[in-house]
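Heads up, the thing below is written out as structure tokens.
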Amino acid sequence: MSPEIPRQRTRRLAPALLGAAMATGVLAAASAGGAAGDGALAAGGGAEFSDARPAADDGASGSADGSPGAPDEARAPAYATRGSAERVPPQWAEATAALARSVGPLEAEPAVRISVAVLDPVTGYTLRYGAGHYETASIVKVNIVAGLLLTAQDEGRPLTAQERRLAADAVRLSDNDATHELWRMIGAEEGLDRLNARFGLALTHGGEDGHWGLTRTTAADQITVLRAVFDPDSPLARPARAHLERLMGSVAEGQRWGVSAAAVDDGGTALKNGWLPRSHTGLWNINSIGRVEVDGQEYLMAVLSSGHRTGDEGIERVEAAARAAMEVIRSSGRA
């Protein structure tokens with residue numbers, strides 16, 4: 001579906017571009033005042049807070065590979081939820097505007113689009129910048145394996161040896177042949193859409209005609225995918241979630257870029273990245289989703305982007321956006 005980008009760590013963003021982003025946003029977060037009102041779009045940005053809600057828990061439980069097992073257990077962090085009528089605290093509204101000032105300069109090139117979402121599981125607030133749909137590329141592999149685990153859980157069985165191998169290859173190695181097989185197993189785009197309705201995804205639609213990498217999604221929906229993996233209030237039982245978490249926590253060495261740039265260290269990071277050069281434009285989609293740990297606190301983060309001239313440039317911007325978002329949260333006093 002897309003060529004690999006051989007790399008261990010990405011180059012950092014050009015100083016002028018990164019400096020502009022940080023100077024106009026992150027460094028202003030501590031002194032920002034009079035920012036966008038509760039739940040409103042930040043002026044000149046397109047960042048906002050949402051009241052992210054987890055998918056409903058069906059009460060099922062299972063073994064490490066999705067078969068029935070012991071009842072689910074609470075785990076830290078306990079993911080809070082927010083009602084739509086709740087007031088956004090002033091420091092979070094200020095962070096909304098700061099994120100817009102930080103990420104906006106990264107979209108200086110006309111074709112580049114970036115969307116960021118970060119869930120604070122303690123408060124239940126999701127900090128967001130940008131809007132619209134993006135092709136998933138390989139981040140959809142997490143969604144596909146989550147659907148496979150839910151299907152096996154429904155059938156009251158563990159994953160077969162073949163399913164376990166395919167799931168590991170798809171997530172850890174980003175193997176496309178394995179993903180083709182899994183796509184067929186879950187029922188292709190119709191199966192993915194049906195399973196995603198249970199996970200609570202409202203704006204994600206499976207790619208047609210076998211093109212799973214062209215599944216279209218939003219950053220907010222990718223936070224919902226991550227909640228299906230990491231949130232106790234998920235249709236997936238704890239052992240099934242733990243299985244997918246282990247896969248995301250052990251991706252191949254050269255694929256650990258992306259949202260990991262926001263983490264203080266890689267110890268609590270679990271992620272999946274996607275990269276796709278579009279044949280009709282020659283421009284790249286670069287995406288990254290996962291869990292990162294900062295100052296002992298876990299966050300769920302999704303950064304989606306398109307319109308990059310090269311894969312490396314896209315990775316640099318995605319990592320800069322991830323770092324900027326976390327700096328904004330830390331400056332707001334949450335991290």
Side-chain angles (χ1 to χ4, degrees), residues 1-5 52 55 113-117 128 130-151 163 166-167 169-229 234-236 244 247-248 251 255 258-259 271-281 283-290 300-308 311 314 318:
M1 177 62 64
S2 63
E4 297 291 324
I5 301 178
R113 296 170 56 235
I114 300 174
S115 185
V116 182
R128 297 195 300 189
H133 283 77
Y134 295 77
E135 288 80 19
T136 58
S138 287
I139 61 171
V140 76
K141 293 167 182 176
V142 170
N143 196 177
I144 293 170
V145 173
L148 178 73
L149 286 163
L150 185 57
T151 299
E163 288 170 337
L166 293 172
D169 287 350
V171 175
R172 296 184 65 249
L173 305 179
S174 205
D175 185 272
N176 291 337
D177 290 338
T179 307
H180 288 314
E181 287 298 308
L182 294 172
W183 186 248
R184 178 186 59 80
M185 289 177 177
I186 67 166
E189 64 267 28
E190 292 181 358
L192 184 73
D193 290 350
R194 182 177 63 254
L195 291 161
N196 278 345
R198 296 177 60 188
F199 287 131
L201 279 69
L203 298 173
T204 298
H205 304 287
E208 298 179 353
D209 300 323
H211 298 297
W212 44 262
L214 298 184
T215 295
R216 290 180 61 77
T217 192
T218 65
D221 258 14
Q222 288 306 299
I223 294 294
T224 304
V225 171
L226 293 171
R227 296 193 78 146
V229 180
S234 163
L236 290 176
L244 187 44
L247 297 181
M248 295 177 67
V251 298
Q255 299 179 26
V259 296
L271 56 72
K272 182 72 190 80
N273 297 321
W275 52 96
L276 177 67
R278 300 311 312 274
S279 58
H280 60 292
T281 64
L283 301 176
W284 286 72
N285 285 25
I286 300 291
N287 305 320
S288 184
I289 62 171
L300 303 183
M301 179 179 292
V303 183
L304 310 183
S305 69
S306 64
H308 308 285
V318 164

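This is a predicted model, so every value here is computed, not measured. Note that these values count all heavy atoms, side chains included, but never hydrogens, waters or copies made by symmetry.
Ser234 places no side-chain N or O within 3.5 Å of a backbone atom of Val229 that could act as its donor or acceptor partner.
Partners of Ser305 according to the side-chain contact (heavy atoms from CB on, under 4.5 Å) rule, which considers only residues two or more places apart in sequence or in another chain, are Ile114, Ile286, His308, Val318. Taking Ala146 as the reference, Phe199, Leu236, Leu244 meet the side-chain contact (heavy atoms from CB on, under 4.5 Å) condition, with sequence neighbours excluded. Partners of Thr281 by side-chain contact (heavy atoms from CB on, under 4.5 Å), not counting sequence neighbours, listed by chain and number: Arg278, Leu283. With sequence neighbours excluded, the residues that form a salt bridge (Lys or Arg N to Asp or Glu O under 4.0 Å) with Arg216 are Glu135. Every residue meeting the side chain to side chain donor-acceptor pair (under 3.5 Å) condition with Glu181, not counting sequence neighbours, appears here in chain and number order: Arg184. Under the salt bridge (Lys or Arg N to Asp or Glu O under 4.0 Å) criterion, Glu190 pairs with no residue, sequence neighbours left out. Applying the side chain to side chain donor-acceptor pair (under 3.5 Å) criterion to Thr204, with sequence neighbours excluded, gives Thr217, Asp221. Not a single side chain to side chain donor-acceptor pair (under 3.5 Å) links Asn287 to another residue, sequence neighbours left out. In terms of the side-chain contact (heavy atoms from CB on, under 4.5 Å) criterion, residue partners of Ile186 (sequence neighbours excluded) are, by chain and number, Ile144, Leu148, Trp183, Leu192, Leu195. In this view, Thr136 satisfies the side chain to side chain donor-acceptor pair (under 3.5 Å) rule with no residue, not counting sequence neighbours.
The one candidate from Val225, Leu226, Thr218 that meets the side chain to side chain contact (heavy atoms under 4.5 Å, CB included) condition with Gln222 is Val225.
Residues Asn176 and Ser138 form a side-chain contact, since some pair of their non-hydrogen atoms from C-beta on lies under 4.5 Å apart.
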